[in-house]
Amino acid sequence: MNYIDRESNEAFDDQIKTRLREQLTRGVLQVGDRVPSVPQLAEELVLNPKIVLKAYKCLMEEGFLYYSRGVGLFIADTAKKTIEKDLEQKLTSLFELCRSNGFPTERVLSILERCFANGISQLQRLPAESTGSFSVLAVSKQVLCPFCRERITNSDSQTICRFCNTSHHEDCWVEIGRCAIFGCEG
Amino acid sequence: MTEATIRLVDVTKSFGQKQILYRISATVTRGTVVGLLARNGQGKTTLFKILADLLQADRGEISVLGVSADGSGAIRKKVGYIPEHPSFHNFMTVRQVLQLRSGFYRNWDWTKVYKLCANIDLDLNSKMLQASKGTLCKTAWVCASAHNPEILLLDEPTSGLDPVSRDSVLHSLVGELTHQDMTVVVANHHMEELIGILDEVWVLSEGTFKHRLSMEEFRRSSFRITGRLRKPLQSLPVGVYEEGRDGDWVRWFTFNSEIVPVVQKSNALERMQCEPLPIKDAIKSLLLTFGAENE
C-alpha cells in the first residue's frame with residue numbers, strides 16, 4: 001500500500017482504491033481486517049488527507065469498507081462483491097473500447113476462451129479447494145476422457161495436458177504415460 | 001468552512017524603483033493547501049514576508065484570520081512561518097531557541113515539540129553556531145508548528161534537507177494537516193514532492209498571479225501533443241504552447257484537455273499524438289509559460 005505513482009495521470013484517490021482492492025484479492029488483506037486510518041495513510045503516502053478521505057468515502061459507499069464509530073474502518077463482508085462489480089464495469093468498458101476500435105467480437109471471445117483454458121489448466125495444479133469455483137464448468141461441459149471415453153466427473157482426479165489442454169482421468173494418464181490425443185506431444 | 005483565512009486586496013510592494021508585487025488580490029479559503037509557483041526573484045519571499053507581517057506593503061489591505069497587518073505582530077501569533085533562510089541566535093542551543101520562542105506564544109505545546117523532535121530526528125542540544133542547514137530547517141519547522149497555528153506559511157520548507165529528513169518533515173506536515181482545518185501556503189522549487197498534498201497551484205509572475213488552478217485538474221488535463229506541421233502556422237492555437245520543435249515536427253503542451261480535440265479537428269498536425277504530460281514536466285512547462293514572459 002505504501003506506494004503511490006506520482007507520475008501517473010490516474011487520480012490519487014483512484015490509485016488508493018485500486019491498491020486496496022488488489023490487496024484483498026491477493027489475500028494481503030482479508031474481510032474484517034482493519035485498514036489504516038485517514039491520518040495514518042495520508043502520512044504514510046505523503047498525501048493530502050482530503051484525498052484519502054475521498055477514496056475511503058467512495059469505498060464506503062460502494063460497500064467495500066464499513067466504519068465502526070470510534071473503532072475504525074474495516075473491510076466489509078460485501079467487499080468481494082464490490083470488486084466483482086468493479087471488474088464487471090472494467091470488462092464492459094474494455095469491450096466497448098474493442099468495439100469502438102473495430103476489434104472483432106469473435107477474436108475477443110477467442111482470447112477470453114484461451115485465457116480461460118490456461119487459467120483452468122493452471123488452477124488444476126493448485127490444491128483442490130482453490131479450484132472450487134471452476135469445477136462446475138468442467139461438469140457442465142461434459143468432459144470426456146479421450147482414453148477411456150468415459151465422463152470425467154467433478155469428483156474424479158484429473159490431469160490436463162499442457163499442450164492441448166485436454167482433461168484426462170489421472171489413472172488413464174498414468175496408464176499411457178502421455179496425452180491420449182493423436183498427434184499431441186504432451 | 002469556506003470562509004477566507006487569508007485575504008489580500010490590491011497589495012503592492014516595491015523596493016526602490018523595482019516593483020515586486022503589483023496589485024495582488026487573492027483569498028485563501030480555510031483548509032486549503034496552496035502551492036506558490038514562481039521563478040527566482042518573482043516576489044515569492046516578499047509575499048510571504050508581507051503575509052507574516054514582517055514587511056509592510058506600500059498599498060493594499062492584508063487580512064489574515066481577520067487580523068489586519070499593522071506591524072504589531074498579532075498575525076505572527078496565529079501563523080507558523082518558515083522563512084527562506086532560517087536563522088537563530090548563534091550562542092544558543094536548539095533547546096534554548098525553543099524556550100525563547102515559547103515565551104511569545106500562549107499556545108506553545110511542549111509535548112508536541114518533543115514528539116516532533118523525535119520524529120524528525122532533531123537533537124535538542126545541538127548548538128546553533130555552525131549548525132547544519134538541516135538542523136536550521138528542522139528547528140524552523142518545530143518553531144513554526146509548535147504553537148498549533150491555523151495557518152502555515154512555508155517558504156521552501158525542505159530546501160537543504162537530505163531525502164530522509166525531507167520525508168520526515170513532509171510526514172509531519174501531513175500530520176499537521178490531519179489534525180485540523182489547516183490552511184497552508186507553501187513555496188518550493190521541488191513542487192513534485194508536494195503534489196499529493198496541494199489543493200491548488202498559483203503561478204506568481206511579474207508581481208501578479210498569472211494562473212490559478214486546482215491540482216487535480218492540473219494533473220488530469222495536462223497533455224503533450226506531438227506531430228508534424230502540415231504547413232507553417234501563423235500562431236499557435238489558443239491555449240496551446242510550444243515546448244520544442246525539430247523541423248516540421250513540433251512538441252506542444254496544453255493545460256486544458258478540451259483543447260486536444262480542437263487541435264485534432266483543425267487538422268494542423270499530421271500523425272498527431274497526444275499523451276499525458278508527466279507532472280514534473282507539467283510544472284516546468286507551467287513556469288515557462290506563465291512564469292517568465294519578460295525573458
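So you know, we letter chains A, B, ... as the sequences are listed, proteins then strands, and number each from 1.
- The side-chain heavy atoms of L51(B) and Y81(B), taken from C-beta on, include no pair separated by under 4.5 Å.
- Two residues are said to be in side-chain contact when any heavy atoms from C-beta on lie closer than 4.5 Å; M191(B) and M215(B) fail this criterion.
- For the pair K138(B) (side chain) and I120(B) (backbone), a donor-acceptor distance under 3.5 Å is present.
- Distance CD/E258(B) to CZ/F223(B): 11.0 Å, rounded to 0.5 Å.
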Please tabulate the donor-acceptor pairs under 3.5 angstrom that span chain B and chain A, backbone and side chains included.
unit_1: G31(B); atom_1: O; unit_2: K50(A); atom_2: NZ; d: 2.3
unit_1: H171(B); atom_1: ND1; unit_2: E43(A); atom_2: O; d: 2.3
unit_1: G196(B); atom_1: O; unit_2: N48(A); atom_2: N; d: 2.7
unit_1: I197(B); atom_1: O; unit_2: N48(A); atom_2: ND2; d: 2.5
unit_1: D199(B); atom_1: OD1; unit_2: N48(A); atom_2: ND2; d: 3.4
unit_1: D199(B); atom_1: OD2; unit_2: K50(A); atom_2: NZ; d: 2.5
unit_1: R219(B); atom_1: O; unit_2: N9(A); atom_2: ND2; d: 2.8
unit_1: R219(B); atom_1: NH1; unit_2: S8(A); atom_2: O; d: 2.9
unit_1: R219(B); atom_1: NH2; unit_2: E10(A); atom_2: O; d: 2.4

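- With a threshold of 4.5 angstrom between heavy atoms, L173(B) does not approach chain A through any atom at all.
- Two residues are said to be in side-chain contact when any heavy atoms from C-beta on lie closer than 4.5 Å; L91(A) and L87(A) fail this criterion.
- The NZ atom of K78(B) lies 6.5 Å from the CD atom of E150(B); values are rounded to the nearest 0.5 Å.
- Highest contact tally toward chain A, considering only V33(B), L198(B), V174(B), is held by V174(B) [criterion: heavy-atom pairs under 4.5 Å].
- Residue L36(B) holds its CG atom at 5.5 Å from CG of L204(B), rounded to the nearest 0.5 Å.
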